[in-house]
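Have a look at the structure below before the remarks.
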Amino acid sequence: MDVQQEVLRVEGLKTHFKTQDGSVKAVDGVDFHVNQSRTLGIVGESGCGKSVTSLSIMRLLPRNGRSLAGRILLEGRDLLKLPEDEMRAIRGDDVSMIFQEPMTSLNPVFTCGEQVAEAIRQHKKVDDQEARKRTVDLFKLVGIPAAERRVKDYPHELSGGMRQRVMIAMALSCDPKLLIADEPTTALDVTIQAQILELLRGIQQQKQMAIILITHDLGVIAEMAQDVIVMYAGKVVERGTVEQIFEKPLHPYTQGLLASIPGRGTKGKRLNVIKGTVPHPFNLPPGCLFAPRCPHAFDRCPTAFPALMDQGDNHTAACFLYGEEFEPGTEAKPQPTEKAS
């Protein structure tokens, strides 16, 4: 199999939520792809649509959520068009996910080993003895000591780092082609975080998985990813390799995220921040969604949302600083003017 073979392609994905106050555009026209043996990092502040994108891929949206447009192609198969029984067979097998908080993802009334073994039995059709053996092997693979004993432990008997390793073991139980890791190290201290990231990197090299890594931590992205997309208010505002994003960030939002990272030279100094907050989905600004917070905004910005424009070497940015293209249908409607009395 070619190392650079494309595993997943997302095209024009739009995921909305119905609420009592109206429809929320959580993901609005997102495009990206991820290749075998590579890690795609998805970054942005909370509320930018990162996790909803991952749940859309897994088709695990809550009842009021629905992907209304676009395609999610897993090796050419559109996941959005599959019946639920076929999607259930793919979920946890070809595509697996590590969720943010393992304590809420693991069932407290079953042992950790039983929960991993259940995933194996469901997709691999093996007997209980073989499922238990594979579970112990997986616990060893993810670095859980005394694996034969730990498979009998309940989630509350393990530390946060060990619970996260159990979640990784469960996600890897069926050798997925794509692993989605949603903030896999958020609740862990720095030492354990480094161990988990090193574990994921080693397993990826061994099994040639594609990984989608969702995080707000740019340090994790720099260490783990080869490709990056930056999301803001449900849209992709910049896309490139990790070197392009860190060495030559184009979009003002990306520049703001990088400038806010603490460094050795910032001790005793006020940290840079991006003023304001991500806009509420019911009160989106006209034109470019980042314009109200942007230090470089000018009169073109509120008129339409800029399209992703290639700035060379497939490094793209959605910003009028780099061209005049805009997304069709995003032109701001003229506001009615009051008649003079």
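The pair E45-R293 meets the salt-bridge criterion, since a charged nitrogen lies less than 4.0 angstrom from a carboxylate oxygen. Between R59 and E84 there is a salt bridge, since a side-chain N of the basic residue sits under 4.0 Å from a carboxylate O of the acidic one. Salt bridge R163/E157: absent, no basic N to carboxylate O contact under 4.0 Å. Under a 4.0 Å N-O distance rule, the pair D227/R239 does not qualify as a salt bridge. Ion pairing between R71 and D78 fails under the 4.0 Å rule for side-chain N and carboxylate O. Salt bridge absent: E86 and K81 never bring a charged side-chain N and a carboxylate O closer than 4.0 Å. Taking a cutoff of 4.0 Å between a charged side-chain nitrogen and a carboxylate oxygen, E324 and R300 qualify as a salt bridge. Under a 4.0 Å N-O distance rule, the pair E223/R201 qualifies as a salt bridge. Taking the charged nitrogens against the carboxylate oxygens, R121 and E130 have no contact shorter than 4.0 Å, which rules out a salt bridge.
Panel note: side chain E325, backbone P306; no donor-acceptor pair is recorded below 3.5 Å. At distances below 3.5 Å, not a single donor-acceptor pair connects side-chain atoms of D182 with backbone N or O atoms of S51. Q255 places a side-chain N or O within 3.5 Å of a backbone atom of P249 that can act as its donor or acceptor partner. In this structure a side-chain-to-backbone donor-acceptor pair under 3.5 Å is present from E331 to G329. Under the 3.5 Å distance criterion, the side-chain polar atoms of Q164 are left unmatched by any main-chain donor or acceptor of G161. Distance alone, capped at 3.5 Å, places no donor-acceptor pair between the Q244 side chain and the V228 backbone. Proximity of a side-chain donor or acceptor of Q311 to a complementary backbone N or O of M309 within less than 3.5 Å is detected. Between the side chain of E238 and the backbone N or O of H251, at least one donor-acceptor pair lies under 3.5 Å. Side-chain N or O atoms of K152 include none that pairs as donor or acceptor with a backbone N or O of T111 at under 3.5 Å.
Side-chain contact between V242 and I245: absent, with no pair of heavy atoms (C-beta onward) separated by less than 4.5 Å. Residues T303 and F326 are not in side-chain contact: their nearest non-hydrogen atoms beyond the backbone lie 4.5 Å or more apart. Residues P281 and K25 are not in side-chain contact: their nearest non-hydrogen atoms beyond the backbone lie 4.5 Å or more apart. Proximity of V95 to K177: side-chain heavy atoms (C-beta onward) are nowhere separated by under 4.5 Å. With a 4.5 Å cut-off on side-chain heavy atoms, R38 and M209 do not count as touching. Looking at heavy atoms from C-beta onward, Y154 lies out of side-chain contact with V109 at the 4.5 angstrom threshold. Contact check for S54 versus I214: side-chain heavy atoms found under the 4.5 Å cut-off. At a threshold of 4.5 Å between non-hydrogen side-chain atoms, the residues K124 and D93 count as touching.
Taken together through direct or relayed side-chain contacts under 4.5 Å among Ile, Leu, Val, Met, Phe, Trp and Tyr, I203 and L138 form part of one hydrophobic cluster. The hydrophobic cluster containing M170 also contains I196, counting ILVMFWY residues as joined when their side-chain heavy atoms lie under 4.5 angstrom apart, directly or transitively. Put simply, L250 and L289 are part of two different groups of oily side chains (I, L, V, M, F, W, Y) that touch within less than 4.5 Å, one to the next. A single hydrophobic cluster is not seen to contain both F110 and L106; linkage of ILVMFWY side chains at heavy-atom distances under 4.5 Å, directly or through other members, places them apart. A continuous path of hydrophobic side-chain contacts links I261 to Y253 [ILVMFWY only; heavy atoms under 4.5 Å].
Across all non-hydrogen atoms, the minimal contact from L199 to L141 is CD1-O, 3.6 Å. Closest approach of I72 to S56, counting heavy atoms only: CD1-O, 3.5 Å. Listed here is the closest heavy atom pair of I274 and L257: CD1-N, 3.7 Å. Contact between V116 and A169 at its shortest, heavy atoms only, is CG1-O, 4.3 Å. The shortest heavy-atom contact between I221 and G41 is CD1-CA, 3.5 Å.
Within the model, atoms CD1 of I212 and CG of L178 stand 5.0 Å from one another, a figure rounded to the nearest 0.5 Å. Here the straight-line distance linking atom CG of D85 with atom CE of M87 works out to 11.5 Å at 0.5 Å rounding. To the nearest 0.5 angstrom, Y232 atom OH is 14.0 Å from D28 atom CG. Atom CD1 in I57 sits 4.5 Å away from atom CD1 in I180 (nearest 0.5 Å). Here the straight-line distance linking atom CG of D175 with atom CD of Q208 works out to 11.5 Å at 0.5 Å rounding. The CG atom of L8 sits 6.0 Å away from the CZ atom of F32 when rounded to the nearest 0.5 Å.
N272 and S260 share no donor-acceptor pair across their side chains, judged by distance under 3.5 Å alone. For the 3.5 Å distance criterion, the side chains of H33 and E11 fail to qualify, holding no donor opposite an acceptor. Side-chain contact annotation: Q195 with R165, donor-acceptor N/O pair under 3.5 Å present. A side-chain N or O of Q204 and one of T39 form a donor-acceptor pair less than 3.5 Å apart.
For Q129, the CD atom is loosely surrounded, since the number of other residues' heavy atoms within 6.0 Å does not exceed 12. Other residues, nucleotides and ligands place no more than 12 heavy atoms under 6.0 Å from the NZ atom of K133. N314 CG: 12 or fewer foreign heavy atoms inside a 6.0 Å radius. Annotation for R77: atom CZ does not count as buried by contact number, only 12 or fewer foreign heavy atoms lying within 6.0 Å. For D137, the CG atom sits in a packed shell: over 12 heavy atoms of surrounding residues, nucleotides or ligands are nearer than 6.0 Å.
Using cut-offs of 30° and 60° on the angle between ring planes, the pair F320 and F298 is perpendicular.
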Practice problem: Please lay out, stage by stage, how T316 and D310 fare under the test side chain to side chain donor-acceptor pair (under 3.5 Å). | Solution: CA-CA 4 Å; T316 60; D310 192 348; over 6 Å; no
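The cationic atom of R150 (NZ for Lys, CZ for Arg) does not lie both less than 6.0 Å from the six-membered ring centre of F139 and within 45° of the ring axis.
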